[in-house]
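Inspection log for the structure reproduced underneath, given as structure tokens.
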Amino acid sequence: MPDLAFTPAVGDHDFTAAQRELLTLAHTLGRDKFAARAAQWDEEASFPFANYEDLRAAGLLALCVPREHGGLGADYATYMMVAAEIGRFCGTTALTYNMHICSTLWTGVLADGIPMSEAQRAEHVGRRGLHFRRVVEDGAIYAQPFSEGSAAAAGRAPFGTTARKVEGGWLVNGRKIFASLSGAADYYGVLCTEDKGDEKPDARDTLYLAVPATSEGFAISGEWNPLGMRGTVSRNLTFKDVFVSDDEQLMPRGIYWKGAQTWPAMFFTLAPTYLGLANAAYDFTVRYLRGEVPGEPPVKRRMYPTKQVAVAQMRIQLEQMRSIFLRAVLEARPEPSKDARMRLYAAQYTVMEGANDIARLAIRTCGGQSMMKHLPLERIYRDSRCGSLMLPWTAELVLDRMGREALYEPGEKDE
């Protein structure tokens, strides 16, 4: 197979023909369109609608929709590679794209690896076709709000947002915060706890429902003026007796909980954005020191030993990030071994913290001019700082999980 004309954000690999084609598409879109617009979304804290029009036209909104449903049929690893390439040019687009793609990835490839009864499988296969058609035929955008300001998004408590069964569907009540794509999505894939009327909410009763943006009782509120990832427009969502039909279930009752236990890699899908940002910081530094940044004086700064050492350090860390990331995504599967799960946690931590490390070093190496807003590095720095804060696997929670799971086998307790 012919070599790619660029090194992807995930590094060199024996890519399939389909992966090469998709990576080239993502790279071209990012280089030619997304990069030039990134400053606008950041400055305005506005959603990248123009980028989504390009994604829609390229068929990439249906990247992980199975081919039999009209999509591109990409698997988990391929999505992770493509997302990292998009993140290289616009972090906001890559991060919000993840929320949309996961609605199809979780209900598609990942759901196929979750144990279900025959009745549940039939129900799921029938219903997911509705959501796939919306994406393929209508170009619909799905969001995926998790956070509520509690331990629920980390998997340690039931969601405070509830759904009570009524004839023909569900009544949803509650609130979500940091809801990316607020005001841009056509459907919000809301995780909520089934209200069984017994005042004993259980995380095992988590429901995954697609709430149409036009639903009565659904509202968006609050300001959005954060440090970074400003174009995600992650405002608050409220649900007051919002009726959602049975057909809007993205997974059958109880299956989301099984999925979270079966497929831990489903929570690793935020990381590609930040691997992309790490690449962007490195790419800029090399161009800047070589005097090759468009619009800037062609002044070379590459001859100084301190600059050369710093670039070497950045490249070493980037290669470490690429290696652990790629291994983690290639071995992702249902019911991973303990070693694979620990490696997944390590990859999450390495990428999320490493992206900001590289951006920090890039600013120090390029110097004061790199802090100016007409250059992308200060935005990359701010965006990269947000990664370790992202639920459900924040840097702190990952460290907690790794330490606990290394020292305790399942069921073990201290007397």
Side-chain angles (χ1 to χ4, degrees), residues 1 3-16 18-27 30-31 35 74-91 93-95 97-98 264-265 267-287 309-333 336 339-362 365 376-377 380-381 383-388 390 393 395 398 402:
M1 290 181 288
D3 291 335
L4 290 167
F6 61 96
T7 301
V10 296
D12 292 323
H13 176 65
D14 186 16
F15 300 108
T16 67
Q19 287 169 346
R20 288 170 181 268
E21 182 179 347
L22 289 166
L23 283 168
T24 299
L25 176 59
H27 183 86
R31 180 196 63 202
D75 61 10
Y76 176 89
T78 301
Y79 162 65
M80 299 289 275
M81 296 171 185
V82 170
E85 201 60 35
I86 294 173
R88 188 179 203 162
F89 299 99
C90 181
T93 298
L95 194 62
Y97 182 61
N98 170 75
F267 300 121
F268 187 51
T269 60
L270 295 167
T273 295
Y274 296 90
L275 180 61
L277 289 169
N279 276 267
Y282 174 81
D283 293 343
F284 176 85
T285 302
V286 170
R287 289 195 301 269
V309 169
V311 169
Q313 291 174 325
M314 292 171 67
R315 184 59 183 254
I316 289 168
Q317 188 166 9
L318 181 61
E319 291 296 343
Q320 292 169 338
M321 291 166 62
R322 286 171 166 176
S323 295
I324 194 170
F325 175 90
L326 193 56
R327 179 167 181 185
V329 302
L330 291 175
E331 68 183 6
R333 57 183 48 86
D339 276 343
R341 192 173 65 251
M342 296 289 276
R343 197 154 39 247
L344 195 60
Y345 298 151
Q348 171 83 0
Y349 186 89
T350 298
V351 171
M352 294 308 207
E353 292 287 75
N356 193 245
D357 284 343
I358 288 179
R360 171 188 55 79
L361 189 53
T365 303
L377 197 51
I380 293 168
Y381 176 83
D383 283 351
S384 67
R385 182 64 279 171
C386 300
S388 60
M390 298 287 291
W393 283 3
V398 165
M402 289 189 74

I need the minimum non-hydrogen distance between [X] and [Y], along with the two atoms involved.
X    : Y    : answer
T273 : G91  : CG2-O, 3.6 Å
A94  : A83  : CB-O, 3.8 Å
A310 : T365 : CB-OG1, 3.1 Å
R20  : D3   : NH1-CA, 3.5 Å
A278 : L318 : CB-CD1, 4.1 Å
A281 : I358 : CB-CG2, 4.0 Å

Quiz prompt | Criterion side-chain contact (heavy atoms from CB on, under 4.5 Å) against L326, the qualifying member of E331, M321, M81 | solution = M81
With rounding to the nearest 0.5 angstrom, report the [atom1] to [atom2] distance, [X] to [Y].
X    : Y    : atom1 : atom2 : answer
R343 : M402 : CZ    : CE    : 10.5 Å
Q19  : D14  : CD    : CG    : 9.0 Å
I324 : L344 : CD1   : CG    : 9.0 Å

Exercise. Using the side chain to side chain contact (heavy atoms under 4.5 Å, CB included) rule, take V398 and M352 through it: C-alpha gap first, then chi angles, then the decisive distance, then the call.
Key: CA-CA 11 Å; V398 165; M352 294 308 207; over 6 Å; no
Exercise. For Q313, look at atom CD and say whether over 12 heavy atoms of other residues, nucleotides or ligands are found less than 6.0 Å away.
Key: yes
Exercise. With sequence neighbours excluded, tell me which residues meet salt bridge (Lys or Arg N to Asp or Glu O under 4.0 Å) with D283.
Key: R88
Quiz item: For N356 and Y274, does a side-chain donor sit closer than 3.5 Å to a side-chain acceptor?
Solution: no
Side-chain touch [X]/[Y], heavy atoms, less than 4.5 angstrom:
X    : Y    : value
L270 : W393 : no
Q348 : Y345 : no
Y76  : T269 : yes
R322 : T7   : yes

Exercise. Could you walk me through whether V329 and Y79 pass side chain to side chain contact (heavy atoms under 4.5 Å, CB included), step by step?
Key: CA-CA 10 Å; V329 302; Y79 162 65; over 6 Å; no
Output yes when a side-chain donor or acceptor of [X] lies under 3.5 Å from a complementary backbone atom of [Y], and no otherwise.
X    : Y    : result
E353 : A395 : no
Y97  : I86  : no
R360 : Y381 : no

Quiz item: Taking the six-membered ring for Trp, are H27 and F89 parallel (under 30°), tilted (30 to 60°) or perpendicular (over 60°)?
Solution: perpendicular
Quiz item: Taking it one step at a time, do L361 and Q317 satisfy side chain to side chain contact (heavy atoms under 4.5 Å, CB included)?
Solution: CA-CA 11 Å; L361 189 53; Q317 188 166 9; 5.8 Å; no
Exercise. Please lay out, stage by stage, how F268 and F325 fare under the test side chain to side chain contact (heavy atoms under 4.5 Å, CB included).
Key: CA-CA 10 Å; F268 187 51; F325 175 90; 3.7 Å; yes
